[in-house]
Number of protein chains: 2
Amino acid sequence: MALGRLVAGCIDMGHPRLRDFNCKHCFSRSKTQWEALTDAEIEIMSESAFCREYDPGEVLFNEGDQCKGVYCIRSGLVVVRKLGKDSKYVLLRRFGQMGTTLGYRPFLAGDCHRGTAEIIKPSIICHIDRATLTPLLNNNPNLGLLFLKQAAVDLGNAEYELLESMMSARARLAHAIILFKKRYGKLSSDGLLEIELPLSRDDLAAMAGVHPETVTKIFRSFLNEGVAELTSHTLKITSIDRFLAELDGEYI
Amino acid sequence: MALGRLVAGCIDMGHPRLRDFNCKHCFSRSKTQWEALTDAEIEIMSESAFCREYDPGEVLFNEGDQCKGVYCIRSGLVVVRKLGKDSKYVLLRRFGQMGTTLGYRPFLAGDCHRGTAEIIKPSIICHIDRATLTPLLNNNPNLGLLFLKQAAVDLGNAEYELLESMMSARARLAHAIILFKKRYGKLSSDGLLEIELPLSRDDLAAMAGVHPETVTKIFRSFLNEGVAELTSHTLKITSIDRFLAELDGEYI
DNA sequence: CGCCAGGTTGATTTCGCTCAAGCAATGTGG
DNA sequence: CCACATTGCTTGAGCGAAATCAACCTGGCG
């Protein structure tokens, strides 16, 4: 993995801080925990949030970094990778949803970042530091409760992923693909579902918890069996029924 | 799995509700989210909490049940099993720590229970219903924040378990065993570490995410390699160094 | 043109699942 | 008190999915 290169390479990158920025526009477009904030509080947050554009390859934070606040993804795509031994790694999370808050777990648990966040697609991301967020949480109980609800949902997802992890590699990969459907799926001209997979083979593999070669082989078998066909980074699903059948692993 | 039998068998069991019960005693003995409560609030909770003793084999709630509140484990041991296809299952959780709160995830996410909770060791457990807990959460912001912190910690653990799930079966089993050390571990007369494993082979297997036969085989290889030896439900670790080496899977 | 990262492919190996048999401890009814 | 069913655990043989290893494309770029 060329993580070292990317980490080093990010130093000379970076866009200027976006100044004329109001979090209100962001929050109004999707339902998140931030809807608990009053207008005045949104104003405070907009003032102190550090927002800027990021290019693919830039690193938001590194594994082991002290967590100084949370990140709000306004647009784009970020992945968080956790390194293993001998250059293996796992994808802890995949973000893209605008309004998604990244890094709240280490923030709340008082933990270091457990993974390295790298920009995959050009993104606009705001950083809200501890000094801003802590008073908001203390003074607005609803914000805490909505964060709590979010945490409960995420915990449910994590629990579910744990069940997923004992399904076959095919099923795991199919589940990983489905996660991209909402944001990167569209109907092609011939009426079939096409899903863009904006990740490299290695990242896709890390997401499904398999090895990159296996990803290729499973795609090949999808092609042979007439389930789906892959061109570059777009998967065209030729038989939705058969593809959905892949999702039913041996558990659940 | 004989889950059906257990579920059916629990109907004629059950101890009387414990009346002279004050949650204060419970909370004072371990640090949990409940320490946010004022004395008055603890009084309210003690009044309305339904507490009683449970025998092994009794079922606290079933998979799919509506979640009507949370459970406080005062003492004992409970496991939560999630059924899979053809009578396989996974252990979602094991509880023993007194003061531990069980079922807060579905409570907060407005979800059904995802697993079936069965008593393993005689336990004393209190149920705090929605009508009691909701006002406490709404009126005491600190309670919400401490629950939030707990959720963040649990989320971290779930994340970690996800990493664990891609380690070898040996490593996973070793990790599962280590979880019992704190509560069920002690030094034997010859100075070696002994850990009681209060679960059946099947539960231990479900906890490590392997098959029961594999658990036996791994224990056998531990014996052959002089790492640890098992008698009935107690594991004696003969070489701590070698055992700890098992924990280092290929990841992390 | 040659280099190189990213991806593909096939041969081989290994881990742990599957299946089936056997055994020890416990309980039950005659 | 014994025959025998049941439950929980152990053991071994065989198999299969996916990891590993290694070679080989391929397209982009200096």
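The sequence lines fix the lettering, A, B, ..., with proteins before strands; numbering per chain opens at 1. As the structure is a computational prediction, the values presented were derived from the model and not from experiment.
- B/Glu161 meets the salt bridge (Lys or Arg N to Asp or Glu O under 4.0 Å) test with B/Arg94; sequence neighbours excluded.
- Taking the side-chain hydrogen bond (donor to acceptor under 3.5 Å, both in side chains) definition, one finds that B/Ser75 meets it with nothing, sequence neighbours left out.
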Taking only nitrogen or oxygen atoms into account, show me every contact under 3.5 Å that the protein makes with nucleotides 22-26 of chain C, one pair per line with its distance.
none

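- Scored by the side-chain contact (heavy atoms from CB on, under 4.5 Å) test, B/Ala117 finds B/Leu60, B/Phe61, B/Val78, B/Val80 as partners (sequence neighbours excluded).
- For the side-chain hydrogen bond (donor to acceptor under 3.5 Å, both in side chains) test, residues two or more places apart in sequence or in another chain that qualify with A/Glu63 are A/Lys82.
- The side-chain hydrogen bond (donor to acceptor under 3.5 Å, both in side chains) check on B/Gln150 picks up B/Asp154, with sequence neighbours excluded.
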Contact string for nucleotides 24-30 of chain D, one letter per nucleotide 5' to 3', B = base within protein heavy-atom range under 4.0 Å, S = sugar-phosphate only, - = neither, reads -------
Protein heavy-atom contacts under 4.0 Å, written 5' to 3' over nucleotides 10-16 of chain D as B (base), S (sugar-phosphate only) or - (none), form the string SBBB---
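- Every pair passing side-chain hydrogen bond (donor to acceptor under 3.5 Å, both in side chains) that includes a residue from residues 228-240 of chain B is listed here, sequence neighbours excluded: B/Asp190-B/Lys236.
- Listed by chain and residue number, A/Arg93, A/Arg105, A/Arg114 satisfy the salt bridge (Lys or Arg N to Asp or Glu O under 4.0 Å) test with B/Glu159 (two or more places apart in sequence, or in another chain).
- With sequence neighbours excluded, the residues forming a side-chain hydrogen bond (donor to acceptor under 3.5 Å, both in side chains) with B/Lys121 are B/Glu196, listed by chain and number.
- Evaluation of the salt bridge (Lys or Arg N to Asp or Glu O under 4.0 Å) rule for B/Arg201 yields no partner, not counting sequence neighbours.
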